Amino acid sequence: MAEPKTNDRMDKIVSLCKRRGFIFQSSEIYGGINGFWDYGPLGAELKRNVKDYWWRAMTREREDIAGLDATIVMHPRIWEASGHTSTFSDPMVDCKTCQGRFRADQLAESQCPRKPSKKPGDHAECQLTEARKFNLMFKTYVGPVEDAENTAYLRPETAQAIFAQFKTVLEVSRQKVPFGIAQIGKAFRNEINPRNFTFRSREFEQMELEFFIRPDEAIEAICGRVATAAELADRQPATADLPPSPTWGWEAWHKYWVEARLRFYEAIGLPRATLEEYWQKPEELAHYAKACVDILFRFPFGAQELEGIAARGDFDLSQHQRFSGKSLTVFDDELKAAWAKLDQAKRAELSGRYFEARRRYLVQMGEPVERAEPQARKDADNFAQGSYVPHVIEPSAGVDRLVLALICNAYSEDQAPDEKGKMETRVVLRFHPRIAPIKVAVLPLLKNRPELVAKAREIHALLRPHMTVFYDEAGAIGRRYRRQDEAGTPFGVTVDFETLGEKGPELQGTVTLRERDSMKQERVKIEELLPRLAERIR
RNA sequence: GCGAGCGUAGCUCAGUCUGGUAGAGCGCCACCUUGCCAAGGUGGCUGUCGUGGGUUCGAAUCCCAUCGCUCGCUCCA
């Protein structure tokens with residue numbers, strides 16, 4: 001198998017990351033700390049470029065998404081509402097004989113691996129440990145006193161802050177459903193076992209969008225119909241260019257976001273061939289999810305998830321509404337107006353469907369039927385008046401995973417000639433110029449010629465306000481090119497004696513522009529550098 | 001957290017079995033040379049041998065503990 005080869009590749013990448021200053025272990029001088037990673041000079045630039053482009057694509061270039069930057073520590077009740085307090089703390093038992101691990105609350109339904117007819121612990125050879133709590137949330141205390149009253153958590157995901165601030169953002173941004181709230185920020189999970197370099201870390205960064213939409217019943221009331229996902233399928237691959245239509249229900253919006261997110265990855269240099277789309281099967285979905293698509297990248301250690309795009313219904317806002325006691329509904333005057341024009345049968349049908357959905361949710365969350373029914377009835381009545389809890393599509397991406405994917409994807413070895421024309425292996429990171437940590441290197445051909453150095457410094461100063469520029473005069477020109485290849489710098493500008501006009505006036509004021517991937521060189525006027533480069537890195 | 005493997009210079013690794021007080025290549029820095037793809041010359045820096053403890057006259061080497069990394073169970077942004 002090619003196994004050793006892929007591990008080999010990952011090892012080389014990890015080694016390059018450390019050597020060139022992309023990523024290294026946190027707290028290294030103290031022996032490191034498991035699951036935490038620092039980004040060095042190049043890594044910090046790369047990561048920032050990724051986040052900036054996401055932010056730009058999600059908020060600045062759209063009219064229907066607003067930004068948010070919320071705190072990491074929030075009211076602990078948030079995590080009760082979201083379900084993290086319970087689902088993130090399963091008591092587990094291990095068996096010392098068979099090395100199995102079982103959820104303590106599911107022992108009765110589990111099988112002993114040695115003796116499948118019995119459950120763990122009942123077989124004579126079983127040696128179960130005490131049940132241990134696995135709380136995957138980082139706990140802390142708000143204020144100096146450490147007691148249960150003051151317990152709080154570092155957020156295990158950024159999304160919940162968006163739901164908690166949903167109403168406020170909606171108001172201040174003067175948005176209307178459908179609209180989204182985007183956020184980038186740190187999240188923390190006490191992973192049982194961090195793995196695969198930065199892929200599973202305990203402190204990581206997320207880029208999350210919650211896109212709020214009308215419930216399908218509202219769309220049907222307003223438009224008379226709901227666009228099916230199949231309608232969008234016919235219009236592929238133009239989906240993401242489609243102006244969203246009022247007829248889009250959750251399926252269409254979900255599909256739209258899958259396509260939009262895939263395009264995002266393409267725009268930063270991850271071709272579709274390196275990605276996989278995985279549509280979760282109904283039995284794999286969380287109980288509240290209507291659909292979930294994972295976007296996976298083919299890492300050297302296997303295809304692994306970069307992003308999940310979930311259609312979560314109105315679960316999250318409903319939970320926060322119940323737990324906070326504050327209304328998280330929106331008023332939709334189009335729905336109210338449309339409702340007035342519906343005939344009795346249609347009203348009954350839509351209202352009935354809405355009622356049923358609300359009732360099912362409340363019962364599923366443990367509300368007794370005698371409370372759930374009247375509440376669902378009230379929700380359905382409000383719906384008929386134009387009020388509802390919006391549904392949501394959640395594209396949620398891991399920044400660190402994406403940075404790692406970009407590095408893995410960019411890493412390549414090719415053959416380049418050395419000075420004597422002998423072919424040698426060249427390590428090059430083929431980053432898309434848009435996210436490359438350094439955009440251009442400015443190099444005087446020789447460093448012991450003050451005129452060359454002065455001119456190169458001048459060009460450095462010219463470009464620096466507009467992009468990350470690296471000036472390097474140390475060593476032979478070939479070596480400097482190779483150094484930049486390893487850093488993934490897409491362009492190199494070399495100042496030589498022609499630049500100074502020593503080979504005639506027609507070449508005066510021109511420089512060599514070297515392209516990283518092709519190693520092609522081109523003569524370019526200094527005045528043209530900025531517009532040409534700016535266009536390529538935008 | 002459990003099981004297995006690993007940890008020596010910035011990187012890749014030798015030395016560990018058979019204790020005798022640490023090496024190679026690459027890189028890095030300075031100077032000289034240098035006209036476009038890892039050039040040449042000269043000189044230079046680098047290690048608490050992951051950490052702590054133990055055995056020993058003496059530990060990178062043997063023992064114990066611990067931390068970190070990799071793989072499997074687990075998990076999924």
Side-chain angles (χ1 to χ4, degrees), chain A residues 3 7 10-12 14-16 18-21 24-36 88 90 92-103 113 129 132-134 136 156-159 186-201 204-208 278 280 292 294-296 301 304-310 394-402 416-427 443 445-449 452 474-486 492 494-498 502-503 511-512 514 516 519-521:
Chain A
E3 291 273 311
N7 290 339
M10 197 60 211
D11 289 347
K12 282 180 176 174
V14 172
S15 162
L16 176 68
K18 191 173 180 186
R19 187 157 38 90
R20 285 297 173 188
F24 23 73
Q25 233 188 334
S26 167
S27 316
E28 215 170 358
I29 60 169
Y30 289 98
I33 176 166
N34 196 352
F36 297 87
F88 264 51
D90 301 322
M92 306 286 276
V93 295
D94 293 313
C95 178
K96 295 196 168 180
T97 310
C98 68
Q99 321 305 354
R101 158 159 300 164
F102 315 95
R103 276 176 61 166
T129 60
R132 267 178 310 225
K133 257 203 158 160
F134 274 55
L136 299 194
E157 62 174 37
T158 58
K186 293 263 192 177
F188 302 81
R189 293 184 194 175
N190 247 325
E191 293 292 344
I192 296 170
N193 197 353
R195 270 304 149 77
N196 287 327
F197 199 25
T198 59
F199 184 80
R200 176 162 295 117
S201 302
F204 58 100
E205 208 157 6
Q206 292 182 305
M207 307 185 286
E208 294 196 296
Y278 180 75
Q280 288 189 14
C292 187
D294 295 333
I295 296 178
L296 304 104
F301 47 83
Q304 296 281 344
E305 188 184 351
L306 289 182
E307 172 159 356
I309 301 156
E394 179 189 87
S396 168
V399 180
D400 308 82
R401 290 179 172 192
L402 177 50
D418 70 8
E419 199 188 33
K420 299 175 183 86
K422 197 178 126 231
M423 295 309 273
E424 295 205 344
T425 300
R426 175 178 80 132
V427 172
L443 318 166
L445 189 58
L446 302 172
K447 80 163 168 183
N448 59 355
R449 297 289 188 278
L452 290 179
I477 190 70
R479 174 187 298 275
R480 281 178 275 163
Y481 284 148
R482 296 302 173 86
R483 274 201 283 251
Q484 293 305 315
D485 288 340
E486 270 199 346
T494 306
V495 175
D496 56 19
F497 292 102
E498 282 90 324
E502 290 192 2
K503 296 278 169 66
V511 291
T512 303
R514 182 240 191 199
R516 174 197 64 204
M519 295 192 282
K520 290 230 169 68
Q521 301 190 349

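Note that the coordinates shown come from a computational prediction; the quantities given were computed from them, not determined experimentally. A note on names: the letters A, B, ... follow the listed sequences, proteins ahead of strands, and every chain is numbered from 1.
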Touch check for [X], heavy atoms < 4.0 angstrom, all strands: base, sugar-phosphate only, or nothing?
{"X": "A:F197", "answer": "sugar-phosphate"}
{"X": "A:S396", "answer": "sugar-phosphate"}
{"X": "A:S201", "answer": "base"}
{"X": "A:E498", "answer": "base"}
{"X": "A:E486", "answer": "base"}
{"X": "A:L306", "answer": "sugar-phosphate"}
{"X": "A:I33", "answer": "sugar-phosphate"}
{"X": "A:G21", "answer": "nothing"}
{"X": "A:I477", "answer": "sugar-phosphate"}
{"X": "A:K186", "answer": "nothing"}
{"X": "A:A476", "answer": "base"}

- Nearest nucleotide by nearest heavy atom, which residue falls closer to the 5' end of RNA chain B, A:E307 or A:D485? A:D485
- Note on the structure: Note: A:A310 and A:C292 closest approach over all heavy atoms is CB-SG, 3.9 Å
- Note on the structure: Of all heavy-atom pairs linking A:R189 and A:Q206, the shortest is NH2-NE2, 4.0 Å
Using the [atom1] atom as the point on both nucleotides, what is the distance between [M] and [N], in whole Å?
{"N": "B:A14", "M": "B:G25", "atom1": "P", "value": "16 Å"}
{"N": "B:U51", "M": "B:A59", "atom1": "P", "value": "15 Å"}
{"N": "B:G7", "M": "B:U12", "atom1": "C1'", "value": "14 Å"}
{"N": "B:G40", "M": "B:C26", "atom1": "P", "value": "9 Å"}
{"N": "B:A60", "M": "B:U16", "atom1": "P", "value": "14 Å"}
{"N": "B:G27", "M": "B:A38", "atom1": "C1'", "value": "11 Å"}
{"N": "B:C13", "M": "B:U74", "atom1": "C1'", "value": "34 Å"}
{"N": "B:G68", "M": "B:G50", "atom1": "P", "value": "16 Å"}

- Item | Interatomic distance, A:L402 atom CG to A:T198 atom OG1 [nearest 0.5 angstrom] | 10.5 Å
- Distance col, row A:Q25:CD vs A:I33:CD1, nearest 0.5 angstrom, shows 9.5 Å
Strictly by Watson-Crick or wobble contacts shorter than 3.5 Å, is anything paired with [N], and which nucleotide is it?
{"N": "B:G47", "result": "none"}
{"N": "B:C76", "result": "none"}
{"N": "B:C17", "result": "none"}
{"N": "B:C37", "result": "none"}
{"N": "B:G68", "result": "B:C6"}
{"N": "B:G25", "result": "B:C11"}

- Message: Check the phosphate of B:G10 against A:K18, side-chain N and O only, distance under 4.0 Å to OP1 or OP2. Yes or no?
- Response: no
- Message: Is A:N196 close enough to B:C71 that one of its side-chain N or O atoms is under 4.0 Å from OP1 or OP2 there?
- Response: yes
Taking the side chain of [X] as its heavy atoms from C-beta onward, which of [options] lies nearest to it?
{"X": "A:D496", "options": "B:A77, B:G35, B:A38", "answer": "B:G35"}
{"X": "A:R200", "options": "B:C37, B:G35, B:A77", "answer": "B:A77"}
{"X": "A:M519", "options": "B:C37, B:C76, B:U12", "answer": "B:C37"}
{"X": "A:Q25", "options": "B:C69, B:C76, B:C36", "answer": "B:C69"}
{"X": "A:S15", "options": "B:A38, B:C11, B:C36", "answer": "B:C11"}
{"X": "A:Q521", "options": "B:C69, B:C36, B:C76", "answer": "B:C36"}

Between [N] atom [atom2] and [X] atom [atom1], what is the distance in whole Å?
{"X": "A:L446", "N": "B:C31", "atom1": "CG", "atom2": "C1'", "answer": "16 Å"}
{"X": "A:L136", "N": "B:C76", "atom1": "CG", "atom2": "C1'", "answer": "11 Å"}
{"X": "A:N34", "N": "B:C71", "atom1": "CG", "atom2": "P", "answer": "12 Å"}
{"X": "A:I295", "N": "B:A77", "atom1": "CD1", "atom2": "P", "answer": "13 Å"}
{"X": "A:R482", "N": "B:A39", "atom1": "CZ", "atom2": "C1'", "answer": "12 Å"}
{"X": "A:R480", "N": "B:G35", "atom1": "CZ", "atom2": "C1'", "answer": "12 Å"}
{"X": "A:D294", "N": "B:C76", "atom1": "CG", "atom2": "P", "answer": "11 Å"}
{"X": "A:F204", "N": "B:C75", "atom1": "CZ", "atom2": "C1'", "answer": "12 Å"}

Sub-3.5 Å donor-acceptor pair from the side chain of [X] to the main-chain atoms of [Y], do we have one?
{"X": "A:R401", "Y": "A:F199", "answer": "yes"}
{"X": "A:R480", "Y": "A:G475", "answer": "yes"}
{"X": "A:D485", "Y": "A:V427", "answer": "no"}

- Return the set of residues passing side-chain hydrogen bond (donor to acceptor under 3.5 Å, both in side chains) with A:E307 (not counting sequence neighbours), or none when no residue passes. A:R261, A:Y265
- Message: Which residues pass the side-chain hydrogen bond (donor to acceptor under 3.5 Å, both in side chains) test with A:D294, not counting sequence neighbours?
- Response: A:Q280
- Task: Apply ring-ring contact (aromatic ring centres under 6.0 Å, His included) to the pair A:F197 and A:F301, showing each step before the final yes or no.
- Result: CA-CA 10 Å; A:F197 199 25; A:F301 47 83; 9.3 Å; no
- Message: Under the criterion side-chain contact (heavy atoms from CB on, under 4.5 Å), I'd like the reasoning laid out for A:L16 against A:E486: C-alpha separation, chi angles, the key distance, then a yes or no.
- Response: CA-CA 8 Å; A:L16 176 68; A:E486 270 199 346; 3.8 Å; yes
- Task: Report the C-alpha distance between A:F204 and A:V399 in whole Å, list the side-chain angles of each, state the deciding distance to 0.1 Å, and finish with yes or no for side-chain contact (heavy atoms from CB on, under 4.5 Å).
- Result: CA-CA 7 Å; A:F204 58 100; A:V399 180; over 6 Å; no
Using a distance-only criterion (donor-acceptor N/O pair, under 3.5 Å, no hydrogens), is the base of [N] paired with the side chain of [X]?
{"X": "A:N448", "N": "B:U33", "answer": "no"}
{"X": "A:R514", "N": "B:C36", "answer": "no"}
{"X": "A:T512", "N": "B:C36", "answer": "yes"}

Nucleotides 23-30 of chain B: which of its N/O atoms have a protein N/O under 3.5 Å away?
residue: B:C28; atom: OP1; partner: A:R483; partner atom: NH1; Å: 2.7
residue: B:C28; atom: OP2; partner: A:R479; partner atom: NH1; Å: 3.1

